[in-house]
Amino acid sequence: MTIEEALSKHWGYQTFRPLQREAAQAALDKRDALVVLPTGGGKSLCYQLPAAAGEGLVLVVSPLIALMDDQVAAAREAGLAADALHSNLDDGGRGDAYRRLRAGRTQLLYVSPERLLAGDLARELAPRLALVAVDEAHCVSHWGHDFRPEYRRLLEVFDGFPGVPRMALTATATPEVRRDIIGQLGLRQPALLIGHPDRPNLVYRAFARRDQLAQVLDVARRHEGEGGIVYAQTRKDVERLAAGLKAQGVSCAAYHAGLPAEQRRRAQEGFVSEAVDVVVATIAFGMGIDRTNVRYVVHANTPKSMEHYQQESGRAGRDGLSAECVLLFSAADLAAHRRLARQGGALAPERERALERQLREIGRFAVSPVCRHKLLTEHFGASYAAASCGACDVCLGETRGLAAAEALLAAKKILSAAWRTEGRFGCGYVADLLLGKADERMRRNGHDRLAVFGILKEAGEASVRSWIDQLVVQDFLEVVDGEYPLLRITRLGRDLCQDRGEVRLGAVAPAARAARRKGKAASKAALGGGDEALFERLRALRLRLAREAGIPPYVVFHDATLAEMAAARPQSLAALRAVKGVGDAKLQRWGRAFLEELRALPSPAQSAKLAP
Ligand code: ADP
Ligand code: ZN
């Protein structure tokens with residue numbers, strides 16, 4: 001079978017995603033490859049296609065045991081003979097997997113690195129291998145965000161299969177990580193298949209945080225009945241937000257490392273099986289989540305770095321349908337990250353510099369009135385050509401940049417207030433000064449008689465606070481950590497006051513309102529009005545079938561496939577097979593049930609005829 005035939009037969013897709021064909025072909029040509037595609041880019045097909053098309057066994061090393069069973073279920077739904085070997089299998093499951101493996105029936109075998117490194121497994125597999133794939137390959141690198149020591153020992157094993165091509169896959173590829181992967185996994189003149197990091201189906205929004213719960217709730221309300229993840233920094237925040245959402249009738253669960261394992265497992269399972277819509281979590285949640293129809297990810301606190309943000313927000317919209325990523329920014333979060341990082345004592349100078357750079361970059365991303373797709377793309381070393389993405393708060397006109405002269409004027413007012421207070425007061429104090437809100441202390445300090453007192457009264461508190469944050473991330477101001485964080489002007493700031501340099505400031509628009517109007521149920525926007533009801537009925541059917549089969553709903557069909565069914569309303573099995581995402585195996589297993597549901601409604605052609 002060719003890889004084109006495999007794509008249609010097993011997955012019901014007619015077109016490759018970028019680089020999928022090249023990656024699969026490299027394996028068939030016995031070449032090593034490094035595949036870098038963003039989350040949702042379709043990495044799994046890169047190694048599954050050779051398994052479907054080829055003769056031999058494809059071995060997949062994956063660090064995510066929690067995910068393996070779902071991956072195996074999904075591959076089996078596509079009609080592949082897939083199995084997994086890891087420490088969580090019961091004896092029966094393990095015995096069956098070995099039996100199929102020894103009978104030569106297995107096409108795709110997932111293993112954890114620990115399992116592969118132990119015992120004789122590698123030697124036993126060697127003669128039959130057509131490809132070894134290493135998923136989440138950045139785990140091999142100290143530079144990545146999730147270093148796994150066992151990944152460093154994989155090369156010992158791979159040396160035992162010299163003639164077998166290797167494929168490393170990851171979503172992160174800074175040059176350091178890339179170099180590490182190639183070196184540590186011993187890739188031999190690999191084909192470098194580096195995809196574009198942009199995720200056009202994600203709508204990015206970044207707002208200054210004002211009222212955390214209200215702002216999170218606002219997003220959740222736009223996506224009623226849809227899957228979402230809310231990330232918060234501390235366990236306390238997680239519990240407070242989860243309780244707040246629940247009180248407002250949102251179906252949600254809390255997840256953090258301090259909860260009993262049983263409760264964590266329930267939250268995760270509830271989310272994957274769509275019994276729960278929203279999980280509020282610390283970043284501990286997500287690595288083991290493969291739910292493809294997550295329609296939104298909210299960061300209720302500022303993430304640690306651009307890499308973290310891309311990884312975490314990337315869990316939205318893996319099915320390719322529109323999804324929303326909202327970041328609520330506060331400069332205080334950056335200070336908290338700093339404090340946490342230094343908790344164990346002073347950092348090495350190199351780590352210290354890296355930390356500061358990471359915090360500055362994520363801060364700049366969050367507050368600059370510049371297209372967020374462009375900022376993210378450029379951060380990951382690619383260029384972004386479009387003038388407007390049409391999918392971020394800036395390009396949608398929800399966040400407006402101030403005109404250059406206006407921005408400079410506002411910046412100078414704030415900077416001179418910081419200058420006059422000599423770095424001895426915090427952000428709140430300086431903001432109050434600019435807003436003309438004098439308290440006892442300010443009067444005592446004589447600051448109510450400064451020329452800058454009340455000079456930004458008209459702009460309002462939200463704007464002034466956000467502008468201070470914006471000036472901090474652009475290095476015109478710095479927050480100095482002490483008993484209390486103090487706001488101080490920098491060299492760059494003093495230069496700016498003397499008209500040397502350039503500043504950009506975003507206006508704090510009534511953004512939440514704009515977003516509510518424009519972002520309504522983005523995933524359903526692709527459907528015509530009448531199809532929405534049918535889409536929901538197909539979703540309900542899917543949920544029922546998935547529960548009966550004991551597999552996650554997205555493994556039956558993706559939302560994108562249901563949406564296409566609802567729009568096209570196929571009336572025969574042949575027509576159903578033509579829908580993207582319906583391959584031979586799924587047609588056989590689920591075709592009749594879905595057809596019945598589709599036939600229960602008149603087709604669009606029939607209803608047109610029936611109309612008077
Ligand atoms: P990644 O591992 O890169 O995050 P996945 O392999 O999970 O991405 O794929 C994301 C989604 O894209 C899956 O639901 C998959 O079925 C879908 N997909 C992959 N390849 C194609 C394709 N060629 N056409 C349409 N959908 C695809
Ligand atoms: Zn944009």
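The analysis underlying the following values was restricted to heavy atoms, covering all of them including side chains, and did not include hydrogens, waters or symmetry mates.
In this structure Lys413 satisfies the side-chain hydrogen bond (donor to acceptor under 3.5 Å, both in side chains) test with no other residue, sequence neighbours excluded. The side-chain hydrogen bond (donor to acceptor under 3.5 Å, both in side chains) search around Ser368 returns none, not counting sequence neighbours. For Arg465, the side-chain hydrogen bond (donor to acceptor under 3.5 Å, both in side chains) criterion is met by Glu461, not counting sequence neighbours. Residues passing the side chain to side chain contact (heavy atoms under 4.5 Å, CB included) test with Glu458: none are found, sequence neighbours excluded. With sequence neighbours left out, Glu422 forms a side chain to side chain contact (heavy atoms under 4.5 Å, CB included) with Arg424. Residues passing the side-chain hydrogen bond (donor to acceptor under 3.5 Å, both in side chains) test with Ser305, sequence neighbours excluded: His308.
How far CH2 of Trp467 is from CG of Leu434: 10.0 Å, rounded to the nearest 0.5 Å. Taking OH of Tyr204 as the reference point, atom CG of Leu376 lies at 5.0 Å (rounded to 0.5 Å). Between the CZ atom of Phe158 and the CZ atom of Arg166 there is a distance of 6.5 Å, given to the nearest 0.5 Å. Atom CD1 of Ile65 and atom CZ of Arg115 lie 11.0 Å apart (nearest 0.5 Å). With rounding to the nearest 0.5 angstrom, the CD1 atom of Ile362 is 13.0 Å from the CZ atom of Arg357.
Residue pairs meeting the side-chain hydrogen bond (donor to acceptor under 3.5 Å, both in side chains) criterion with at least one partner in residues 447-457, sequence neighbours excluded, are Tyr429-His447. The side-chain hydrogen bond (donor to acceptor under 3.5 Å, both in side chains) contacts involving residues 192-201 comprise Asp198-His373, where partners must be two or more places apart or lie in separate chains. The stretch residues 171-183 participates, sequence neighbours left out, in these salt bridge (charged side-chain N to carboxylate O under 4.0 Å, His left out) pairs: Arg152-Asp180.
A cation-pi arrangement is absent between Arg222 and Tyr296 under the rule of less than 6.0 angstrom and at most 45 degrees off the ring axis.
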List, one per line, each side-chain donor-acceptor pair under 3.5 Å for residues 473-480, sequence neighbours excluded.
| residue | atom | partner | partner atom | Å |
| --- | --- | --- | --- | --- |
| Gln474 | OE1 | Arg504 | N | 3.3 |
| Gln474 | NE2 | Gln470 | O | 3.2 |
| Gln474 | NE2 | Arg504 | O | 2.7 |
| Glu478 | OE2 | Arg488 | NE | 3.2 |
| Glu478 | OE2 | Arg488 | NH2 | 3.1 |

Show me the donor-acceptor pairs, under 3.5 Å and distance only, between side chains in residues 325-334 and residues at least two apart or in other chains.
| residue | atom | partner | partner atom | Å |
| --- | --- | --- | --- | --- |
| Ser330 | OG | Ala332 | N | 3.1 |
| Asp333 | OD1 | Arg209 | NH2 | 3.1 |
| Asp333 | OD1 | Asn301 | ND2 | 3.3 |
| Asp333 | OD2 | Arg209 | NH1 | 2.8 |
| Asp333 | OD2 | Thr302 | N | 2.8 |
| Asp333 | OD2 | Thr302 | OG1 | 2.9 |

Can you give the donor-acceptor pairs under 3.5 Å from side chains of residues 496-503 to other protein atoms, not counting sequence neighbours?
| residue | atom | partner | partner atom | Å |
| --- | --- | --- | --- | --- |
| Gln498 | OE1 | Arg500 | NH2 | 3.3 |
| Asp499 | OD1 | Lys412 | NZ | 2.8 |
| Arg500 | NH2 | Asp495 | OD1 | 3.0 |

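Checked against a 6.0 Å centroid threshold, the rings of His299 and Tyr309 count as neighbours.
Side-chain contact check for His256 and Thr282: no donor-acceptor pair (N or O, by modelled atom type) lies under 3.5 Å.
Between the side chain of Asn445 and the backbone N or O of Arg441, at least one donor-acceptor pair lies under 3.5 Å.
Classification of Arg240 and Asp237 as a salt-bridged pair holds, one side-chain N sitting under 4.0 Å from a carboxylate O. Under the 4.0 Å criterion applied to side-chain N and carboxylate O atoms, Arg342 and Glu356 are assigned as salt-bridge partners. Salt-bridge check for Arg153 with Glu156: passed, with a basic side-chain N closer than 4.0 Å to an acidic carboxylate O. Contact check on Glu269 versus Arg266 returns no salt bridge, with no Lys/Arg side-chain nitrogen under 4.0 Å from an Asp/Glu carboxylate oxygen.
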